[in-house]
Amino acid sequence: MQQELMWGLPVVLYLFLAGVGAGALTVSASIFLRGGDVARGLHVDTARYGAFLAPVPIMIGCGLLVFELGSFETGHWFKWLNLYKVINLSPMSIGTWLLSVTVVVSVVYAYTFLRDAPGLPNEMRYPLRRKLSWLAVPLGIATAVYTGILLGAMPSRPFWNSPIVALLFLVSALSTGIAGTLLIRALFHASNPDPETGKNFSRSGYLLTAADVLLIGFELMIIFLFIMYAHLTIGSVKEAVSVILFGGDLAPLFWLGVVVIGLLIPALVESIYIVPKLLYHRDFSVPRGVEVVVPAVILVGGFMLRYVVVVAGQITGPVGI
Amino acid sequence: MSDKKANAAVSRRKFIAAAGGTAALGASAAAAPRAARAAGTAHKPHYGMLIDLRRCIGCHACSVSCKAEFDVPLGATRSWVEYIEKGDYPDVSRQFLPRLCNHCSKPQCVDVCPTGATWKREEDGIVVVDADICIGCKYCILACPYDARFTNPITGTADKCDFCQHRVSQGLVPSCVNACIGEARIFGDLNDPQSEISKLIARNPVTVLRQEMGTEPNVFYIDADHTDPNGATNNGQYVRVDTHRQHAERR
Ligand code: SF4
Ligand code: SF4
Ligand code: SF4
């Protein structure tokens, strides 16, 4: 790649991490709400892992973004606060405010999952958690979509300039959000929970894994449509997309890293575990090793997707002058 | 050729005299066209540039004077001159394409700026960057279809051609226009039909760069070669573009 990148690894990581956090937030709040209208719902234990996870990557991602700023690099440490002096129609401006609200909501939401949270008696904690869940679902979706709109807003970058990038990032955020939640759960849950908790765990695990397979299928469809439409058109978009098609600079990383390793293989492995329950109503159980490795691979795939998209958009441009 | 005559008539001395006096192109109120003043409406200039490539010899005087005017840091360029070589011997050509910010009427760079640090000025149409506000997020640099912007390594902010607003507001022409030995760069008020630039644009076939981007550039070219290695005009022949910038390729 001959060109210097304006947006490098910090931005790639930020788009990925914000996606994971936003996805985890949406997923946690949705399964919590789906768990039944009781204080301790069916999926509450899994929702808790998602709730604790969500704010962390979002905040790390935002922090990384500050490092990438030219003003920060030249020693104007707090100039980024200028972002908070205005609000305009720039996707980055709207995104800044949206992310800030999402961070606050996700932190308070996570707090409501703390057992014996100081200053928050249970009779306040449960209704607050429920209310915040209703906020967390749309905020997580909006944050994930915004990461795509940020890139999509520019006709000067034909690879990014389509509505489907935002959709791709949304679906990938939900899928990596699930993966993050499942990974944290696999790493931290007790190996011998009591039978009732164990059953709920398996139910939530099945729900999330099955949802993830659907999401990955959807993601593959979006990628197919993206490439097909780009290929059927002529001019700048076709030229731009050729960097991920055979012979392009980013083709190996895209096809092997994103499509095969990041999407196809995890979806296949996940299907192996959900099909017996889906078709024959067997118990859903996944060995701990698989519980860890599959989500980890999905996360790596999600990172590579952001990497390929961010780099491809910058090394390509409009054709002609 | 009538346009050549007209072009020769815009001597710099005349330009400055006119701006300092009453009539044409300065930014001060005194420079508003007589008609507008008579009608009692404030004339707002809208600055633009016309680059007549029949007069350009690719000497880089504009790039150098621009660098000197602003102490543009090493490796960065507000203005640069591209060379376009094409064809196979003996059927070859070499064309020049001086480049700068187009001060677009629909500037994408402005649309994406999250801090309001860059805007198109109401009073004269110049697209400016306020380094005191800009946080250096580089969004505008990616959004500009002309690669006209760069990060100033000293200030850490977005930087680009500002049509020499400090000179123009004093009734002077931009530094690159001043330095151009062929008088290929013509600067002036597009809102004034009597300005030299408006007359030349009216009398000649002109083009802008990447028109399909919809940015409505205000830098016009006469006789520009729009050949690009990736473009539709290269006709399958050998094309080499030398950008004379840090990035060897157009983007
Ligand atoms: S050329 Fe680029 S930087 Fe200049 S006004 Fe147009 S979009 Fe903005
Ligand atoms: S780099 Fe500066 S001028 Fe450009 S979009 Fe960011 S804040 Fe605005
Ligand atoms: S108008 Fe001024 S800033 Fe712009 S290219 Fe010419 S000399 Fe440089």
Side-chain angles (χ1 to χ4, degrees), chain A residues 1-8 11 65-66 68-97 149-158 160-161 234-236 238-240 242 310 313-321, chain B residues 75 82 84 97 99 108-117 130-147 149-159 207 209-215 224-234 241 246-251:
Chain A
M1 271 145 266
Q2 320 84 340
Q3 276 125 346
E4 167 204 2
L5 297 180
M6 285 300 148
W7 285 351
V11 173
L65 209 52
V66 173
E68 180 83 333
L69 296 176
S71 57
F72 192 86
E73 284 167 350
T74 50
H76 303 87
W77 313 123
F78 296 105
K79 210 175 176 189
W80 56 273
L81 289 170
N82 281 356
L83 282 169
Y84 291 101
K85 291 188 187 154
V86 286
I87 179 159
N88 59 29
L89 284 178
S90 159
M92 198 182 283
S93 177
I94 295 171
T96 305
W97 290 98
I149 295 177
L150 181 75
L151 302 186
M154 298 173 278
S156 58
R157 308 264 70 92
W160 296 340
N161 189 217
I234 50 171
S236 302
K238 189 181 183 122
E239 288 286 324
S242 68
V310 168
Q314 293 180 75
I315 63 171
T316 56
V319 296
I321 192 74
Chain B
E82 295 177 349
I84 303 137
L97 194 64
R99 302 279 308 271
Q108 259 287 298
C109 53
V110 170
D111 289 345
V112 300
C113 177
T115 60
D130 186 336
D132 288 337
I133 303 174
C134 170
I135 57 168
C137 70
K138 305 171 204 161
Y139 205 176
C140 57
I141 301 176
L142 283 167
C144 169
Y146 305 98
D147 206 12
R149 291 174 171 244
F150 57 92
T151 310
N152 184 315
I154 293 159
T155 58
T157 57
D159 206 343
T207 54
L209 302 180
R210 287 183 176 160
Q211 178 181 354
E212 72 283 2
M213 284 289 133
T215 46
D225 188 343
H226 291 265
T227 304
D228 184 76
N230 295 318
T233 41
N234 76 9
V241 170
Q246 206 169 35
H247 342 289
E249 282 175 32
R250 277 178 183 157
R251 53 180 183 182

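What you see is a predicted model; the values in this text were computed from it and never measured. Lettering of chains follows the sequences in order, A, B, ..., and the numbering in each one begins at 1.
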Using a 3.5 Å distance criterion without hydrogens, assess whether the side chain of [X] forms a donor-acceptor pair with backbone atoms of [Y].
X: A:S236; Y: A:V319; result: yes
X: B:Y146; Y: B:L209; result: yes
X: A:N161; Y: A:G152; result: yes
X: B:R210; Y: A:G320; result: yes
X: A:E239; Y: A:T316; result: no
X: A:R157; Y: A:G313; result: yes
X: A:T96; Y: A:L83; result: no

Selection from [options] maximising heavy-atom pairs under 4.5 Å formed with chain A:
options: B:T207, B:T155, B:T233, B:N234; result: B:T155
options: B:V110, B:D111, B:I133; result: B:I133
options: B:N230, B:L142, B:T157; result: B:L142
options: B:D228, B:I135, B:L97; result: B:I135
options: B:C144, B:A143, B:G231, B:P145; result: B:A143

Per-residue contact mode, [X] against chain A (heavy atom under 4.5 angstrom):
X: B:A248; value: neither
X: B:R99; value: side chain
X: B:T215; value: neither
X: B:A117; value: neither
X: B:C137; value: both
X: B:P153; value: backbone
X: B:Q211; value: neither

For [X], which atoms come within 4.5 Å of any heavy atom of chain B: side chain, backbone, both, or neither?
X: A:N82; answer: both
X: A:K85; answer: neither
X: A:I94; answer: neither

Can you tell which of A:G75, A:A153, A:P155, A:P91 has the highest number of heavy-atom pairs within less than 4.5 Å of chain B?
-> A:P155
Comparing A:L89, A:L150, A:L65 against chain B, the one with the most heavy-atom pairs below 4.5 Å turns out to be A:L150
Can you pull the side-chain hydrogen bond (donor to acceptor under 3.5 Å, both in side chains) pairs that have at least one residue in residues 69-78 of chain A, sequence neighbours excluded?
->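 Non-adjacent pairs meeting side-chain hydrogen bond (donor to acceptor under 3.5 Å, both in side chains): A:T74-A:H76.
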Does the pair B:R250/B:D147 count as a salt bridge with the N-to-O cut at 4.0 Å?
->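 Result for this pair is no, no salt bridge flagged.
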Taking the side chain as C-beta and beyond, is there a heavy-atom pair between A:Q314 and B:R251 under 4.5 Å?
-> no
Can you check whether A:L69 reaches A:K79 side chain to side chain, under 4.5 Å on heavy atoms?
->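 Sidechains of A:K79 and A:L69: no contact.
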